[in-house]
Each structure stands twice: as structure tokens, then as C-alpha cells.
Amino acid sequence: MANSAELTVDGKSYSFPTLEGTEHEKAFDISSLRDQTGYVTLDRGYKNTGATKSAITFLDGEEGILQYRGYAIEDLAAKASFLEVAYLLIYGELPTKEQYAVFETAIRRHTLVNEDMRKIFDGFPVKAHPMGVLSSLVSAMSAFYSDIEGSSEEDKTDLHIIRLLAKLPTIATWSYKRSLGHPMNYPKNQLDYIPNFLNMMFSLPVEDYKIDPVVVEALNVLLILHADHEQNCSTSTVRLVGSSQANIYSSISAGISALWGPLHGGANQEVIEMLEAIRADGGDVSKYVDMAKNAKTTGFRLFGFGHRVYKNFDPRAKIIKKAADDVLSKLGVNDPVLEIAKGLEEAALHDDYFISRKLYPNVDFYSGIIYRALGIPTNMFTVMFAIGRLPGWIAQWKEMREQKEPIGRPRQIYTGATLREFTPLSKR
Ligand code: SDX
């Protein structure tokens, strides 16, 4: 029997169907709420509002569980490659050897970016933040790659997907190289996905660049951990823009812009800058914990702490924290901010302010420490997040289109002036 929820308002009772997901999440279906009652709901930040049904990612914030298409994040991070996970998120199943070979080869053969796109780079100030450059160049892809052959919409979408996955690392590294005044590197088709990215990021014409397998493995784990996270701010942005039938490049470009915010993906850059400030200030973590507890007067937040959904340890933060120790010791890097981060975590997790608000380290708290040990500059941290999140954005955009979701258009409660007469300027 389908369950229902009863609502009594203005003395009348209404019934709304309820539904339950495969992991037993429950929802009231209020699609007919306004038609039946004249009421809308109000839910600032959509803290209690499900925007869609999705089969891509499941997370349980209370238990600290994260699964992509039913596979535990711990398994995928330890056993899969980033492109395998990209295929899983986008097409719903782990690829067979043959499927993987076709997918990976297609990506390898589309890493080159239209040469005219380089002219767009030249229009940016050299020190432009790479996230602004990335969002602009991805949006520009709609001008360079929209008129494509392909028998069906599905074939066309598959080619757009390959082009995005293949070209994002190239575009990302170009903004970094330009900011250094270094020549931009072209991709090398003989290199795998992550080694190709590293070579474009760090190689110089004047010396050979040796790709370190420790760095490749660490990046593989980080990209997998960032690959999707259900209906977060940037993913919801991609779905909302895509729901108007805007093309995939414009939708992804909007997602990159949303991710840039310091409360979202931009937090990984903020964390390192915060840890550096604590270090420069003598390393007294309790002082900063106190500042965070008085956020209303200090305006200070512990970046990398807290989460809209996780009210337990972010499972990604657990994996990244362990990886940070492994990678830094393998690379022989001794980064003092790692100890400051651990001290901050220890102090916060024993403080009632954080315990009562269930504020734990999130994915951004330790990731920057690894990026830095890999030689990636701070202002490229959120770009790394975007490269990792790209398959998730694509998967969610594709699902939204396949589900034929209606255009997203929330309602509001109006609180402005009621109807009033217009007074001509001569009389004002
Ligand atoms: C990501 O949604 C996703 O899935 C995102 C993400 C993904 O993979 O896509 O996981 C990636 O964005 C991770 C989050 C990165 N952001 C940060 O690290 C920024 C610092 N964290 C916060 O700003 C905050 O925790 C948010 C934005 C992450 C969540 O904000 P909410 O859910 O709106 O919670 P809130 O701001 O209402 O906070 C509740 C309380 C408040 O105190 P009171 O008003 O109850 O007194 O907790 C406090 C907040 O002041 N609080 C913090 C805090 N985060 C929340 N206090 C100090 N330091 C913090 N970091």
C-alpha cells in the first residue's frame, strides 16, 4: 500500500503520497501542495527539500557513508582508477575491459584544445584566478564544439562528455602555466590521464619532467573522492541550468562558478590559507577555535569544518587524512601545517561548540595539504576539485535530461511593498 501523509491547514485535511528510496530515505511528495492548499513551502538553503530522484550517489550524513552507484567510496578509492569511476558515475556500471578501452582511448584522443581558444587566455590578466578562467573557457567550449556530427542526441552527448573530460585538464594547466609566464604544454597522447595532467602542469622545455608514481596514485585517490556528492551546491547549479535545456558546456561552466565559493569547493584554498595564518601567528590552535566559537563577533569560521549533510566524520576526510600522512612520508615532505591541522581537529572535536553542532572535518580540510605536497599551488586547489567533480556533474546533468525533469523554478514568499500609486518624477 502506498503510504501517505496527512496535513491539516485552515481546518481542512489534505493527503499527500510519501515515497521511500532504495536506501530507505523517506519523502513527502508535495507536487500538488499549492493546487490543493494554496500554500507553498519555505526551506532556506533547501535543507529539507529533495530536488529530484537520483540513482547516482547515496550518502548518509549521520553514518558517514558515501557510495557511487552502490559502490563504497573506500573500495573505489583503493581499487579503481579515476576514469573507471567517471565511467561508473556517467553510465551506471563499472566498465568492462572493452568498454574501458574505448572510453579511455576516446578521451586520450580529444585532449587537444582548439588553438583559437588560446586567444581567450590572452585576454585575461596574468594573475586571474584559475577558477574564473576555467569557467569562462568551459563556457567558450559551447562556441567551439557545439556543431557536432553524430547520428543521435545520445551520440552527440557522448562526444560532448568525452570532450569535457579530455579537455578540462588541458585548459586547467594552461591557466597555471600562463600565470607563471611559462610556455603552455600540449597534452601527450602516449601518457595516461593523470600523468598527462602532471606533465602539462609541471614540465618545462628546458629539462625532462619525471612523473612520480606516488604523486599519480595520490591524485587518483583525490580525484575519485571528489567525483560526485549528490545534490550539493554546484551539482544543483548544473542541474538547474541544464533544466532550461541549456547546453552541457554552459551548465558545467555554471557549476564551476558555484564550486568556486569559499563555503563550497573554494574552502580547500581557504583551509591552507587559514592554517598558514595560524602557523604565522605562533600555531596556537585554541585561539582560533575560540574565534570560531565567537563567529558572530569575530566573523571567523574554521574552513574545512562542518557540512550541510555530514553530521559525522566526512568519509572522504578520513581517507584523505590517512593519505596525507602516507604521501608526505613517501615524498619526504615535512609540512608543519599538517601538525597544525591535526591539532586544530583535536581541539575542535573536544569542544562542545563543535560537538553540539556536529561539526567535523570535511573533504576540504586535509586535501590542500596533499595538493601542496604534490607541488600544486594553492590557487589551483579548487581547480583540482573541479577536475575531480566533472564526472559527477556530467552524470547528474545526463540523468536530469534522461529523466526529462521540468525546468527548475522555485516559488517564494513575497515580503515587499503592496500595490501603490506611481508618483511622477516631477512630484518626487
Ligand atoms: C563542500 O554539500 C556538499 O556536499 C559539499 C561538498 C561536496 O562534495 O560537494 O561536500 C564540498 O562544500 C564541503 C564544505 C566546505 N566548506 C567549508 O569548509 C566552509 C566552512 N563550513 C561552513 O561554512 C558550513 O559548515 C557549511 C557551509 C559547510 C555548511 O553550512 P550550513 O549547513 O548552512 O550550516 P550553518 O552555516 O547553518 O552552521 C550551523 C552552525 C552555525 O552556528 P549557530 O548559528 O548554530 O550558532 O554551525 C556553525 C554556524 O555558525 N558553523 C561553524 C562552521 N560551520 C558551521 N562554526 C565555525 N566554523 C565552521 N566551519
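For ligands, and for the atoms within them, numbers begin at 1 and follow the listed sequence. Since the model is a prediction, treat every value here as computed from it, not as a measurement. In this chain, residues are counted from 1 in sequence order.
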- Message: Within the structure, is a non-hydrogen atom of R389 found at a distance of less than 4.0 Å from ligand 1?
- Response: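 Judged by the 4.0 Å heavy-atom criterion, R389 does count as contacting ligand 1.
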Assert yes or no for the condition that the ring centre distance of [X] to [Y] is strictly below 6.0 Å.
X	Y	result
H307	H229	yes
F103	Y87	yes
F354	F305	yes

Which is closest to [atom] by heavy-atom distance: [options]?
atom	options	answer
atom 52 (C) of ligand 1	N268, T235, L359	L359
atom 25 (O) of ligand 1	G392, G306, S356	G306
atom 38 (O) of ligand 1	R301, R357, H264	R301
atom 20 (C) of ligand 1	F305, F365, F385	F305
atom 3 (C) of ligand 1	M274, H307, R308	H307
atom 60 (N) of ligand 1	L302, N294, L259	L302

[X] neighbourhood, listing ligand 1 atoms whose heavy-atom distance to it stays under 4.0 Å:
X	value
L263	12 (O), 14 (C), 15 (C), 16 (N), 17 (C), 23 (O), 27 (C)
K47	33 (O), 37 (O)
G304	17 (C), 18 (O)
K296	43 (P), 44 (O), 46 (O)
A267	15 (C), 16 (N), 17 (C), 18 (O)
F303	18 (O), 19 (C)

Taking 4.0 angstrom as the limit, do [X] and [Y] come out as a salt bridge?
X	Y	result
K321	E345	yes
K330	D212	no
K318	E74	no
R279	E276	yes

- Query: Shortest non-hydrogen contact from F82 to I387?
  - Reply: CZ-O, 3.5 Å
- Task: Give the ring-plane orientation class for W260 versus H129, where under 30° counts as parallel, over 60° as perpendicular and anything between as tilted.
- Result: tilted
- If we ignore angles and hydrogens, is there a donor and acceptor under 3.5 Å between the side chains of T52 and E405?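 Indeed, the side chains of T52 and E405 share at least one donor-acceptor pair under 3.5 Å.
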- Message: Applying salt bridge (Lys or Arg N to Asp or Glu O under 4.0 Å) to E154 and K398, what does each step give before you reach the verdict?
- Response: CA-CA 10 Å; E154 191 180 348; K398 185 169 178 283; over 6 Å; no
- Return yes or no for this condition: an N or O of N362 is under 3.5 Å from an N or O of ligand 1.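 Yes, N362 has an N/O under 3.5 Å of an N/O on ligand 1.
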- Task: Using a 4.0 Å heavy-atom cut-off, say whether R316 meets ligand 1 through its side chain, its backbone, both or neither.
- Result: side chain
Taking [atom] as the reference point, the nearest protein heavy atom with its distance:
atom	value
atom 13 (C) of ligand 1	D364 OD2, 3.5 Å
atom 2 (O) of ligand 1	N232 CB, 3.5 Å
atom 48 (C) of ligand 1	Y353 OH, 3.6 Å
atom 4 (O) of ligand 1	H229 ND1, 2.6 Å

- Task: Assess whether ring pair (Phe, Tyr, Trp, His ring centres under 6.0 Å) is satisfied between F381 and Y371, documenting all intermediate values.
- Result: CA-CA 7 Å; F381 288 3; Y371 288 139; 5.4 Å; yes
